[in-house]
Colleague: 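Here you go, one structure.
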Amino acid sequence: MENQNINLVIEDSVYQTLPTNAYKKALKWKKQESNKITAIIPGTIVEIFVKEEQTVNEGDPMLVIEAMKMNNKINFTHRGIVDKIYVKTGDVVAKDQILVSLR
Amino acid sequence: MNMDQNQKNIILRKKRAEVMLGGGEKAIEKQKASGKLTARERIDLLLDKDSFKEYDLFVQHSCRDFGMADKVLNGDGVVIGTGTINGKPVCVFAQDFTVVGGSLGYMHAKKITKIQDIAMKMRVPLIGINDSGGARIQEGVDSLAGYGEIFYRNTMASGIIPQISVILGPCAGGAVYSPALTDFVFVVDNISKMFITGPEVIKTVLGEEISQEDLGGARVHAEITGNAHFFAHSEEECFLQIRKLLSFIPHNNNKNLIDNNVNPASPTANIDINNIVPIDPTIAYDVRDVIKAVTDNSDFIEVMEKFAPNIVVGYGRINGTTVGFIANQPLYLAGVLDVDSSDKAARFIRYCDAFNIPIVTFVDLPGYLPGVDQEHAGVIRHGAKVLYAYSEATVPKITVILRKAYGGGYIAMSSRHLNADFVFAWPTAEIAVMGPQGAANIIFRKEISEAENPEEMRKLKVEEYKERFANPYVAAAKGYVDAVIEPVETRDMLVHALKLTENKAEVKADRKHGIPPF
């Protein structure tokens, strides 16, 4: 693939230059949606500790995902009310799949 | 019956031949089928013809578990010895993949540490050819002990002898840390594979499917991770690269060692040094042309060519003396410093300093790369490595500012303020706190916004700023630049400065070691 010139702006000056691989691959930054809790690894939901509408605090247990023969307990990282639970016990979840949302 | 000497010799020859067959005909065939040479073929190609002397040929493994006691593993899966490259002695080991996949058991490791110890004691370079499936599981913790003892020696030898790692097969798991601790890692397309956890584990744990090549192939390490310093298309090309590198760099850190110097020669490239750098600071060019315009025979060996190409590092000779070049490369990302280029430059500077190689820096950069990803990737911490490495280095440091030298980038690139020995600037140099556009927009904000025609006013003010500050003379007036020189005078100035700094003495404060930002 031909590497094409880009216009790189630094301190209001426009430079015509080639991008590097790392520059092309850099991810655009997105604000984290802290109210949507997603699976950090793929696995099976073995236990859910909360119900919808329940008030939770930072550190409260949310659920357990079994992955690599390990039971990984996931805790809430901040306070809120459980808005919706998207999974049930026994579900196999993919990485980044939404598990629980808070409001 | 008494044997005579001849008969004894014949027995030795037979024994040697047996062991030198490694894992046997079938395994050798398999090695060839996968496009790889055998361990001994590799050594023969790397070293001067017929110079290799092998040691520990008859070493046997010591494992007694899992039915290993009865197994004979020729050479225990690794070949060690000494020879010469360009007539100078070197130590070498090569893992033999044909013997149980080149797996590392304790005696295998003992052989490697023996050759490491010899290299260190004799102060000669060590070249390690890696082609191994990893730890020999049957040997358990002994295998781990072996790795640890290799890593320890890699670290102790760092900065004393050049250590070169050649990845010619798999190098996975803990094994990757020996190459990572060495100075130069060579990889070959389609042959080298390096990773901590392989595709299988990644698939089970994360559900991500990726091939060995895409995860840790030669291109990945040469272009993306920066783990590899030299990329070759074939093993043969790779060995030539190593031989060339070793012709440039000193073979140990003895300050009085000058045997890497050769007869002076003039640059040969058909390059007009006056016409390489465009006057307009936003237009790109290839800074390697400047390097080739000043080096003997226009010869330049670039290190980490494909990784962070926005900075160029490598070796060339000026009047016979090996010099480490560091140059911003406007061709890529306008030559900015960023996370990767900072890391690349800092490590190169420290290598030069450790081995008494003078540093010549060519400056042309607008500053640091803006962006959330850069800030979050720690451009502060990585950028600081450049400041640290330049400041700490006591080798001759000669800087030539070709064009842009703005803000923090100016300071970082071996400025007078970081104790450069000589700073020269071309008439095209723009040494300023920032680029004219940005500076005018800040300094003349009020005039611009209140003008009847703000765009006209902006242009006027940018011109005004350029006229007054975008030149080498403001810095020269303060003595921050020692001389403003014409491009054609560059080589002469470098030759003289290198002569002058040959016996440079700098007193370092007594400390155990500094704490660089890594």
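Every chain is numbered from 1, with letters handed out A, B, ... down the list of sequences.
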Colleague: For residues A:Ile10 and B:Tyr368, determine if any side-chain heavy atom of one lies less than 4.5 Å from a side-chain heavy atom of the other.
Modeller: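 They are not in contact (no side-chain heavy atoms under 4.5 Å apart), so the answer is no.
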Colleague: Between B:Gln374 and chain A, with a heavy-atom cut-off of 4.5 Å, which part of the residue counts as in contact: side chain, backbone, both or neither?
Modeller: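 No part of it gets close to chain A.
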Colleague: Which heavy atom of B:Gly438 sits nearest a heavy atom of A:Asp12, and at what distance?
Modeller: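 Distance-wise, the nearest heavy atoms are CA-OD2, 3.5 Å.
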Colleague: Say you draw a straight line from CD of A:Gln16 to OG1 of B:Thr282; how long is it, rounded to the nearest 0.5 Å?
Modeller: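 The CD atom of A:Gln16 sits 5.5 Å away from the OG1 atom of B:Thr282.
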Colleague: Check whether B:Leu331 gets within reach of chain A through its side chain, its backbone, both or neither, counting any heavy atom under 4.5 Å.
Modeller: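 Both the backbone and the side chain of B:Leu331 come within 4.5 Å of chain A.
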Colleague: Under 4.5 Å from any heavy atom of chain B, what part of A:Ala26 do you find: side chain, backbone, both or neither?
Modeller: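 A:Ala26 touches chain B through backbone and side-chain heavy atoms alike.
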Colleague: Supply the atom-to-atom distance B:Tyr332 OH to A:Thr20 OG1, rounded to the nearest 0.5 angstrom.
Modeller: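 B:Tyr332 atom OH to A:Thr20 atom OG1 measures 9.0 Å (nearest 0.5 Å).
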Colleague: Can you tell which part of A:Lys25 gets under 4.5 Å to a heavy atom of chain B, answering side chain, backbone, both or neither?
Modeller: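 It is the side chain, since no backbone atom gets that close.
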Colleague: If I take atom CG from residue B:Asn310 and atom CG from residue A:Leu18, how far apart are they, to the nearest 0.5 angstrom?
Modeller: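 CG of A:Leu18 is found 11.0 Å from CG of B:Asn310.
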Colleague: So what's closer than 4.5 Å to chain A heavy atoms on B:Pro370: side chain, backbone, both or neither?
Modeller: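 For B:Pro370, the side chain is the part near chain A, not the backbone.
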Colleague: For chain B, which residues from residues 39-58 of chain A have at least one heavy atom closer than 4.5 Å to it?
Modeller: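 If one takes a 4.5 Å heavy-atom cut-off, the residues of residues 39-58 of chain A near chain B are A:Ile41, A:Pro42.
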Colleague: Just by distance, do the side chain of A:Thr17 and the backbone of B:Leu333 share a donor-acceptor pair under 3.5 Å?
Modeller: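 Present.
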Colleague: Taking the side chain as everything from C-beta on, heavy atoms only, tell me whether B:Asp338 gets closer than 4.5 Å to A:Tyr23.
Modeller: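 No; the side chains remain at least 4.5 Å from each other.
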Colleague: Measuring heavy-atom distances to chain A, does B:Phe307 have an atom under 4.5 Å in its side chain, in its backbone, in both, or in neither?
Modeller: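 Neither the backbone nor the side chain of B:Phe307 comes within 4.5 Å of chain A.
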Colleague: Which atoms of B:Val339 are under 4.5 Å from chain A, going by heavy atoms: the side chain, the backbone, both sets, or neither?
Modeller: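 No part of B:Val339 comes within 4.5 Å of chain A.
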Colleague: Counting heavy atoms not belonging to B:Ile283, are there more than 12 under 6.0 Å from its CD1?
Modeller: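 Atom CD1 in B:Ile283 is crowded, with more than 12 foreign heavy atoms closer than 6.0 Å.
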Colleague: Show the nearest heavy-atom pair for residues B:Pro366 and A:Tyr15, with the distance to one decimal.
Modeller: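 Closest approach of B:Pro366 to A:Tyr15: CB-OH, 3.4 Å.
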Colleague: At their closest point, which heavy atom of A:Glu11 faces which heavy atom of B:Gln437, and how far apart are they?
Modeller: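 Looking at all heavy atoms of both residues, the closest pair is O-CB, 3.9 Å.
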